[in-house]
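Comments concern the structure below.
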Amino acid sequence: MTYFINIATALSQLLNAVVFAGDPNETVSGRVYRENRDWAVKIIDLLFFFQPDHCLESHVADRMFSRKILGEYDNDTI
């Protein structure tokens with residue numbers, strides 16, 4: 001199951017980067033939540049009805065990923 005979630009996340013990041021000219025490390029769901037696009041959040045959350053607060057959770061996951069990456073760079077001894 002993790003494999004499919006990773007693929008879906010990668011596709012969302014690609015869509016955000018290529019179609020919407022956004023950050024390639026941010027998902028579409030996380031971006032619309034961060035930018036307070038309430039109409040888009042409602043639509044996406046309806047599509048992901050099986051995951052309550054999908055956009056909020058995507059935003060949190062995007063931020064956690066960023067912090068993980070930044071933490072790895074902070075620990076580098078280059």
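One is the number of the first residue; the rest follow in order along the sequence. On a predicted model such as this, the values are computed, not experimentally measured, just so you know. In what follows, every heavy atom counts, from backbone to side chain, and hydrogens, waters and symmetry copies are set aside.
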> Can you name the salt bridge (charged side-chain N to carboxylate O under 4.0 Å, His left out) partners of Glu57, sequence neighbours left out?
Replying inline: none
>> Test of understanding: clusters of I, L, V, M, F, W, Y form through side-chain heavy atoms closer than 4.5 Å, transitively. Do Met64 and Ile5 belong to the same one?
In response: no
> So how far is it from Ile7 CD1 to Thr2 OG1, rounded to the nearest 0.5 Å?
Replying inline: 11.5 Å
> Under a single-linkage definition using a 4.5 Å side-chain heavy-atom cutoff for Ile, Leu, Val, Met, Phe, Trp and Tyr, are Tyr3 and Leu11 assigned to the same hydrophobic cluster?
Replying inline: yes
> Is there a donor-acceptor pair closer than 3.5 Å between any side-chain N or O of Arg34 and the backbone N or O of Glu26?
Replying inline: no
> Quick one: side chain to side chain donor-acceptor pair (under 3.5 Å) pairs with a partner in residues 59-70, sequence neighbours left out?
Replying inline: Thr27-Asp62
Cut-off 3.5 Å, no hydrogens considered: what does the side-chain donor-acceptor table look like for residues 37-49, sequence neighbours left out?
unit_1	atom_1	unit_2	atom_2	d
Arg37	NE	Glu35	OE1	2.5
Arg37	NH2	Glu35	OE1	3.0
Asp45	OD1	His54	N	3.2
Asp45	OD1	Cys55	N	3.0

> For the residue pair Ser12 and Ser29, what are the closest heavy atoms and their distance?
Replying inline: OG-N, 4.3 Å
> Are Leu15 and Val32 linked, directly or through other ILVMFWY residues, by side chains that come within less than 4.5 angstrom of each other?
Replying inline: yes
